[in-house]
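Whatever order the structure lists them in is the order used to number ligands and atoms, beginning at 1. All values reported here derive from a predicted model rather than from experimental measurement.
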Amino acid sequence: MSTLQRVIANAVAAVDRAGRIVKEVLHSGSLGIIDKAQDDLQTEADRSAQKCIVASLSKSFPRMKIIGEEGAQEGMAAKDDWIVKELDGAVLKETLPSDLAGVDEKDIVCWVDPLDGTKEYTQGLLDHVTVLVGFAVGGKAVAGVVHQPFYNYTKQADPFKQGRTMWGIVGLGVRGITPAVPASGKIITTTRSHSSPTINACIEAMKPTEVIRVGGAGHKVLLLIEGQAHAYVFPSPGCKKWDTCAPEALLEAAGGALTDIHGSKILYHADVDHPNWGGVLATCKRDLLPQYLREVPESVRQALPVLGQKL
Ligand SMILES: Nc1ncnc2c1ncn2[C@@H]1O[C@H](COP(=O)(O)O)[C@@H](OP(=O)(O)O)[C@H]1O
Ligand SMILES: [Mg+2]
Ligand SMILES: [Mg+2]
Ligand SMILES: [Mg+2]
């Protein structure tokens, strides 16, 4: 059994536990909101869910490098029942592509966003929330685990029996979600809580038939995979590597593509800068990407630094 496969299997089990924590904090009625920076909130759910995922993965895979949005969380003990040792059986049944099967534990970089869409979580827009665990090898996003704790959420049913987990491995495919493409139009999804004149100018220049403003990088990529939008347009340095690693791998495994606004690959080595300085541009199908890249206005290109190599 390959190490990467066991790591992904553990992450699939751990995100479910993290999602449970996100629900427990919501139901406690005390979100424990902290302002990390302007337009950058953290809640007790972000802190505890990260502790759960990082403590679980680092216990079983101590040589893997793990980078989480909420930092080291020193002094905060993980409760015993937050440490997930289980490996998801469905992941273990798969056969990994040969280029990933032999990867050593120390060469895997894991990017954890314990709660993506924090702003929307605090505002009760619960379906925008995802838990993201992405894996990179050689700087490339190769696998992504995405849990949506409040998928199709209803207050009438047991909250802990709701939610869904999706995962994808580049070269293998996606599980837990069925890829589709929109029937017509030109539908762009973007931020609802971190907008800017540059973002709006870029979207306007693309002449969409519809703009869907929702929270979360994970949630927006799910809209692309499920055929609700053609492109995710975010020419801003606000998204970080933990926002895009898991969504990028899931999207690529489903047939789409995610790069920066210049079409350069986003790099996920352990020592990279955390912000995606070149912004984010993603499309539901890989062959749609060049068209959207061409439509980015020159003024928007010039507002964001050029890094990395072209896809
Ligand atoms: N200007 C900004 N400042 C801080 N974080 C930003 C940001 N723009 C985007 N992000 C982060 O990128 C993710 C997706 O943003 P959005 O929902 O606006 O599309 C969110 O992750 P988190 O909710 O995990 O912090 C959000 O905080
Ligand atoms: Mg955050
Ligand atoms: Mg995020
Ligand atoms: Mg987050």
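Between Tyr268 and Trp111, the ring planes are perpendicular. Angles over 60° get that label, and only those under 30° would be called parallel. Relative ring orientation between Tyr153 and Phe150 is described as perpendicular, the plane-to-plane angle rising above 60° on a 0-90° scale split at 30° and 60°.
Taking the side chain as every heavy atom from C-beta outward, Leu100 and Ser2 never approach each other to under 4.5 Å. Residues Met166 and Tyr151 form no side-chain contact, since every pair of their non-hydrogen atoms from C-beta on lies 4.5 Å or further apart.
An N or O contact shorter than 3.5 Å is missing between Phe234 and ligand 1 by distance. Geometrically, ligand 1 and Gln38 share no nitrogen or oxygen pair separated by less than 3.5 Å. When only interatomic distances are considered, the shortest N/O to N/O separation between Ser236 and ligand 1 does not fall below 3.5 Å. Between His194 and ligand 1, a contact under 3.5 Å exists for at least one N or O pair. The shortest N or O to N or O distance between Gly215 and ligand 1 is not under 3.5 Å. Of the N or O atoms in Gly238, one or more lie within a sub-3.5 Å distance of an N or O in ligand 1. In terms of polar-atom proximity, defined here as any N/O pair under 3.5 Å, Asp40 makes no such contact with ligand 1.
Atoms of ligand 1 found under 4.0 Å from any heavy atom of Gly117, numbered from 1 in the order shown, are 22 (P), 23 (O), 24 (O). Listed by number with element, the atoms of ligand 1 under 4.0 Å from a non-hydrogen atom of Thr191 are 16 (P), 18 (O), 19 (O). When each atom of ligand 1 is checked for a heavy atom of Lys240 under 4.0 Å away, the hits are 4 (C), 5 (N). Annotation for ligand 1: atoms under 4.0 Å from non-hydrogen atoms of Lys220 are 16 (P), 17 (O), 19 (O). Within the listing of ligand 1, atoms 24 (O) sit less than 4.0 angstrom from a heavy atom of Asp113. With ligand atoms numbered from 1 in the order given, ligand 1 contributes 14 (C) to contacts under 4.0 Å with heavy atoms of Ala217. Short contacts between ligand 1 and Ser193, defined as distances under 4.0 Å to a heavy atom of the residue, involve ligand atoms 18 (O). Here is the list of ligand 1 atoms found below 4.0 Å of a heavy atom in Thr118: 23 (O).
Nearest protein heavy-atom neighbour of atom 17 (O) of ligand 1: Gly216 N, 2.6 Å. Ranking protein heavy atoms by distance to atom 25 (O) of ligand 1, first place goes to Glu69 OE2, 3.2 Å. Scanning all protein heavy atoms for the shortest distance to atom 20 (C) of ligand 1 gives Asp116 OD1, 3.7 Å.
With 2.8 Å as the limit, Leu115 counts as an N, O or S neighbour of the Mg ion (ligand 4). Distances from the Mg ion (ligand 3) show that Glu69 has no N/O/S atom below 2.8 Å.
Asn276 places no side-chain N or O within donor-acceptor distance of the main-chain N or O of Gly278, the cut-off being under 3.5 Å. A donor-acceptor distance shorter than 3.5 angstrom exists from the side chain of Gln148 to the backbone of Asp127, with no hydrogens or angles considered. A side-chain donor-acceptor contact under 3.5 Å links Lys23 to the backbone of Pro159. Listed for the Asp116 side chain is a donor-acceptor partner under 3.5 Å among the backbone atoms of Gly218.
Using a 4.0 Å cut-off between charged nitrogen and carboxylate oxygen, Arg63 and Asp104 count as a salt-bridge pair. A salt bridge links Arg17 and Asp81; the closest N-O separation between the charged side-chain nitrogens and carboxylate oxygens is under 4.0 Å. Between Lys36 and Glu69, at least one side-chain N (NZ, or NE/NH1/NH2) sits under 4.0 Å from a carboxylate O, which counts as a salt bridge.
In Asp243, the part holding a heavy atom less than 4.0 Å from any atom of ligand 1 is the side chain. When non-hydrogen atoms are compared, ligand 1 lies under 4.0 Å from neither the backbone nor the side chain of Lys119. If you look at His128 next to ligand 1, there are no close heavy atoms at all, none under 4.0 Å.
Counted by atom type alone, Ser193 and Asp39 present zero donor-acceptor pairs between their side chains at under 3.5 Å. With 3.5 Å as the limit, one finds no donor-acceptor pair spanning the side chains of Thr244 and Glu248. No hydrogens or angles considered: a donor-acceptor pair under 3.5 Å links the side chains of His147 and Thr165.
Using a 4.0 Å cutoff on heavy atoms, Arg192 does not count as a contact of ligand 1. At least one heavy atom of Leu115 sits closer than 4.0 Å to an atom of ligand 1.
Restricting Asp116 to its N, O or S atoms, the one at the least distance from the Mg ion (ligand 3) is OD1. When the N, O or S atoms of Asp243 are ranked by distance to the Mg ion (ligand 3), OD1 comes first. Taking the Mg ion (ligand 4) as reference, the nearest N/O/S atom within Asp113 carries the name OD1.
In this structure, Lys140 is not positioned above the aromatic face of Phe135 in the sense of NZ or CZ being under 6.0 Å from the six-membered ring centre and within 45° of the axis.
The two atoms that bring Val280 and Cys239 nearest to each other are CG2-CB, 4.2 Å, heavy atoms only.
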